[in-house]
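Notes for the one structure printed next.
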Amino acid sequence: MPGPSRRLRSPGARRPALVWAAVLLAFAVGVALGGGVLARFTTDGDLKDLRAQVAQLEQRSAALTDRARAADAFADAAAPSTLGRGLNGVPVLLVTAPAAEAGDLAQVTRRITQAGGSVAGTLTLTADLYAEDKAERLRGVVDNAAPNGVTVDASLVDPRARAGDLLGAVLLSQGSVRPPSNGRADALAALKQAGFIDFAGPTVPGARAVVIVTGGAVPGERAGEGQGIGRLAAALSRHGDGAVLAGRTGSSQGSGPVVVVRQDKELSARLATVDDADTVVGQVSTVLALVQATRGDVRAYGSGVR
């Protein structure tokens, strides 16, 4: 009995399936290759745009650097005639905040001498002075260290402001320098022993004017430091013939110490400010501002908001 018959497929019967498979494979490969090429060209285009933008920014930066150098060169050349002998015979106290740069101090000292003045002494403020957990201790030391005849202003609430008022009272005077006194030496020694200030030698000589040198931008988590420096400087400015708070670039922004002064009309009316003391222009401006402050003309200099 004949078995069931089988339908045999000829090679011609499989050809349409193979053709369609080949077409689909070619299409898939084409899409993959085409996508890769397009992606590459798109990326190359983006890179070209980025390179062009970087080149433009570099050119602008170079131009700004050249302008800054030219301004510094001009300020350096003009300093002798600009400052004249405006501080002739005026002893100046330098107060340095924790963030102050040694180079800035050296240049400010040079300009003070160039204007005919002299640096009577240097007082260094320590980080403990601005530590929130030491604020009450600072208040107690200041109140107990005030010598006979010196009263710290009761309206000053911030301990740093109270410290500035005490320092100004014992170190600064108008018209002439007070002779050394045991009260001054004892007050400074008490603050030094407590770790809030530092100075070389047995004491700090008196002066008629003061420059407070600080750093630049203050991070948000250290906002109290910027405010404390500004308030201490403002309290110092209540004494003597003139005062300047000089900060680096960034000191007039955010939580910077210069901000505290410039935002308060009462403070800015008696304390001159400079916000670019890390430049030659700013260093010359610092001493120019001090010269003007000793004449009753209080100004703000720099590139920040005034």
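What you see is a predicted model; the values in this text were computed from it and never measured.
Proximity of P147 to L166: side-chain heavy atoms (C-beta onward) are separated by under 4.5 Å at one or more points. V95 places a side-chain heavy atom less than 4.5 Å from the side chain of L125. Side chains of V287 and L87 form a contact here, defined as non-hydrogen atoms less than 4.5 Å apart. Taking the side chain as every heavy atom from C-beta outward, V218 and P257 approach each other to under 4.5 Å. Using a 4.5 Å heavy-atom cutoff, the side chains of T273 and R262 are in contact. The shortest side-chain heavy-atom distance between D275 and S303 falls under the 4.5 Å cut-off. Looking at heavy atoms from C-beta onward, T109 lies out of side-chain contact with T122 at the 4.5 angstrom threshold. Side-chain contact between D198 and K192: present, with at least one pair of heavy atoms (C-beta onward) separated by less than 4.5 Å.
To the nearest 0.5 Å, atom CD1 of residue I112 and atom CG of residue L83 are 10.5 Å apart. Between T96 atom OG1 and I197 atom CD1 the span is 10.5 Å, to the nearest 0.5 Å. Taken from CG in L245 to CG in L232, the straight-line distance is 10.0 Å, to the nearest 0.5 Å. Here CG of L191 is found 8.0 Å from CG of L129. Values are rounded to the nearest 0.5 Å. Here the CZ-CG distance, from R238 to D153, works out to 4.0 Å after rounding to the nearest 0.5 Å. To the nearest 0.5 Å, atom OG of residue S268 and atom CZ of residue R299 are 14.0 Å apart.
Hydrophobic clustering places Y130 together with L138 (ILVMFWY residues linked when any side-chain heavy atoms are closer than 4.5 Å, directly or through intermediates). Transitive grouping of hydrophobic side chains (ILVMFWY, heavy atoms separated by less than 4.5 Å) keeps I212 and V90 in distinct clusters. Cluster annotation: V150 is connected to L123 through the hydrophobic network of ILVMFWY side chains, with a link wherever side-chain heavy atoms come within less than 4.5 Å. Residues F199 and L167 are members of one and the same hydrophobic cluster, defined by side-chain heavy-atom contacts under 4.5 angstrom among Ile, Leu, Val, Met, Phe, Trp and Tyr. Both L94 and V284 are assigned to one and the same hydrophobic cluster, defined by single-linkage of ILVMFWY side chains at heavy-atom distances under 4.5 Å.
Applying the salt bridge (charged side-chain N to carboxylate O under 4.0 Å, His left out) definition to pairs two or more places apart or across chains, those involving residues 83-107 are D104-R248. Among residues at least two apart or in separate chains, there is no salt bridge (charged side-chain N to carboxylate O under 4.0 Å, His left out) pair with a member in residues 172-186.
The pair R137-E132 does not count as a salt bridge, with every side-chain nitrogen at least 4.0 angstrom from each carboxylate oxygen. Comment: R139 does not engage D158 in a salt bridge, judged by the lack of any side-chain N to carboxylate O separation of less than 4.0 angstrom. A salt bridge links D76 with R110; the closest basic N to acidic carboxylate O contact falls under 4.0 Å.
Under the 3.5 Å distance criterion, the side-chain polar atoms of R162 are matched with a main-chain donor or acceptor of L156. Under a 3.5 Å cut-off, the side chain of T126 and the backbone N or O of F196 do form a donor-acceptor pair. H239 contributes no side-chain N or O that, together with a main-chain N or O of L171, makes up a donor-acceptor pair within less than 3.5 Å. Of the possible donor and acceptor atoms, one in the side chain of D72 sits under 3.5 Å from a partner among the backbone N and O of V281. For the pair Q283 (side chain) and A277 (backbone), a donor-acceptor distance under 3.5 Å is present.
With respect to L290, the side-chain contact (heavy atoms from CB on, under 4.5 Å) criterion is satisfied by exactly one of V108, V92, D241: V92.
Under the 3.5 Å distance criterion, with hydrogens and angles disregarded, a donor-acceptor pair is assigned to the side chains of Q114 and R111.
Counting heavy-atom neighbours within 6.0 Å of N148 CG, excluding the residue itself, gives a total of 12 or less.
Residues satisfying the side chain to side chain donor-acceptor pair (under 3.5 Å) criterion with D276, sequence neighbours excluded, are absent altogether.
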